[in-house]
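Residue numbers begin at 1 in each chain, while the letters A, B, ... track the order of the sequences.
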Number of protein chains: 2
Amino acid sequence: MTDEIDQTLIAALMEDSRRSLKALAQISGLSSPSVAERLRRLEERGVLKGYTVEIDPRHFGYQLQAIVRVRPLPGRLHEVERLIQATPEFTECDKVTGEDCFIARLHVRSMEQLDELLDRINGYAETNTAIVKKTSVARRLPPMN
Amino acid sequence: MTDEIDQTLIAALMEDSRRSLKALAQISGLSSPSVAERLRRLEERGVLKGYTVEIDPRHFGYQLQAIVRVRPLPGRLHEVERLIQATPEFTECDKVTGEDCFIARLHVRSMEQLDELLDRINGYAETNTAIVKKTSVARRLPPMN
DNA sequence: TCCATATGACCGACGAAATCGACCAAACCC
DNA sequence: GGGTTTGGTCGATTTCGTCGGTCATATGGA
């Protein structure tokens, strides 16, 4: 279904999603119409969900990054989820099994802002916050074979 | 430094990083050479760190996704970090403050594989694993103004 | 076994987009 | 107020993407 060549294409796009079809053609050993067709089908099947960009949040003043575990108070689960979704400083959030219901990533400009945002959800949930000191592994692909 | 137009460009690329310069030119109201120049400078300054792709790991058999908190045993911190980095199923990992030293995202094909991978680091660390049930907030940008 | 069909690739031509050089205007700085 | 820098446009050239037509190979059925 997804063969060796598709994986090569995906890996090449993971490195640089603005590569031209021609460049992808050279990498994969196909012609550019064939590459275009393969990408079209990978998108259609939902394997390729989108092309996006990585930015450095520090350039926008986000000096701090935190991982916040969130345990809503009884009956407040949906409210908490909506609050997180409505707060754009939360840039990722997963709903998980276990005591913590949500694990979210939060970008803030200062400790004051961190405190303020956490206070807002502390009315509906208990939170546990870990400040990111360093990125050990930058977002990457799992093995594809 | 980064003005309104740069933010428009970044937001447009966040939605679809394969947009042509011409399309970006229309969106931003500039000519395409100007857009090319702005992107070049955003890259040079490190605001734009890269163009990448979002894939659906389920299409490669990764049915399970977990957030793993990792607390290395005394003296084993670097070993643990290297092990995580060397395990491609860990697709993200942050080093954080607090009791847990690392918080990582793990993609696996089965419970058996989850068990196996965790066993491997349980020799050097205590772990706490939460299975992802749902993505409440998909990766997005924090506000840019 | 052999034909019919479907799939996935290639090629070449045409239209679209990126790039490059020349030039221009506003801001800034003595 | 003149020179310089910065960030932009325009238009020509080159590069790239797309589309129609064609071909080879694999598949399935009579």
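Atom CG in B/Asp3 sits roughly 10 Å away from atom P in D/dG7 (whole-Å rounding). Computed from coordinates, the B/Arg40 CZ to D/dG8 P distance equals 12 Å when rounded to whole Å. Computed from coordinates, the B/Ile5 CD1 to D/dT9 C1' distance equals 14 Å when rounded to whole Å. If you take CG of B/Leu30 and C1' of D/dT6, they are 14 Å apart, rounded to a whole angstrom. Between the CZ atom of B/Arg18 and the C1' atom of D/dC16 there is a distance of 12 Å, given to the nearest Å. Atom C1' of nucleotide D/dG8 and atom CG of B/Asp6 are separated by 14 Å, given to the nearest angstrom. Following rounding to the nearest Å, B/Lys22 (NZ) and D/dC16 (P) show an atom-to-atom distance of 18 Å.
Within 4.0 Å of B/Arg19, counting heavy atoms only, lies no atom of the nucleic acid at all. Across all strands shown, B/Ser20 has heavy atoms under 4.0 Å from sugar-phosphate atoms exclusively, and none from any base.
For the helix from C/dT1-D/dA30 to C/dC30-D/dG1, the axis fitted to the five pairs at one end and the axis fitted to the five pairs at the other end meet at an angle of 30° (nearest 10 degrees).
Taking 4.0 Å as the cutoff to heavy atoms of chain B, we find the contact window on DNA chain C bounded by C/dA17 to C/dC20.
Electrostatic pairing of A/Arg105 and B/Glu92 counts as a salt bridge here, judged by a charged N lying under 4.0 Å from a carboxylate O. Of the charged side-chain nitrogens involved, at least one lies within less than 4.0 Å of a carboxylate oxygen, so that B/Arg76 and B/Glu79 count as a salt-bridged pair. One finds a salt bridge joining B/Asp56 and B/Arg58 here, because a Lys/Arg side-chain nitrogen approaches an Asp/Glu carboxylate oxygen to under 4.0 Å. A salt bridge links B/Arg38 and B/Asp6; the closest N-O separation between the charged side-chain nitrogens and carboxylate oxygens is under 4.0 Å. In summary, B/Glu37 and B/Arg40 engage in a salt bridge, as defined by a charged side-chain N under 4.0 Å from a carboxylate O.
Contact of the B/Thr129 side chain with the B/Ile67 side chain is not registered, since no non-hydrogen atoms from C-beta on lie closer than 4.5 Å. A/His59 is not listed as a side-chain neighbour of B/Thr2, based on a closest heavy-atom distance of 4.5 Å or more.
In this structure, A/Tyr124 places its OH atom where only 12 or fewer heavy-atom neighbours from other residues, nucleotides or ligands lie under 6.0 Å away. Other residues, nucleotides and ligands contribute over 12 non-hydrogen atoms within 6.0 Å of the CZ atom of A/Phe60.
Closest approach of B/Ile84 to A/Arg140, counting heavy atoms only: O-NH2, 3.3 Å.
Listed pair B/Ser31 / D/dC10 fails the phosphate criterion, with no side-chain N or O lying under 4.0 Å from OP1 or OP2.
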Check nucleotides 18-23 of chain D against the protein and report each pair of N or O atoms closer than 3.5 Å, with its distance, or say if there are none.
none

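To the nearest 0.5 angstrom, B/Ser31 atom OG is 12.0 Å from B/Leu24 atom CG.
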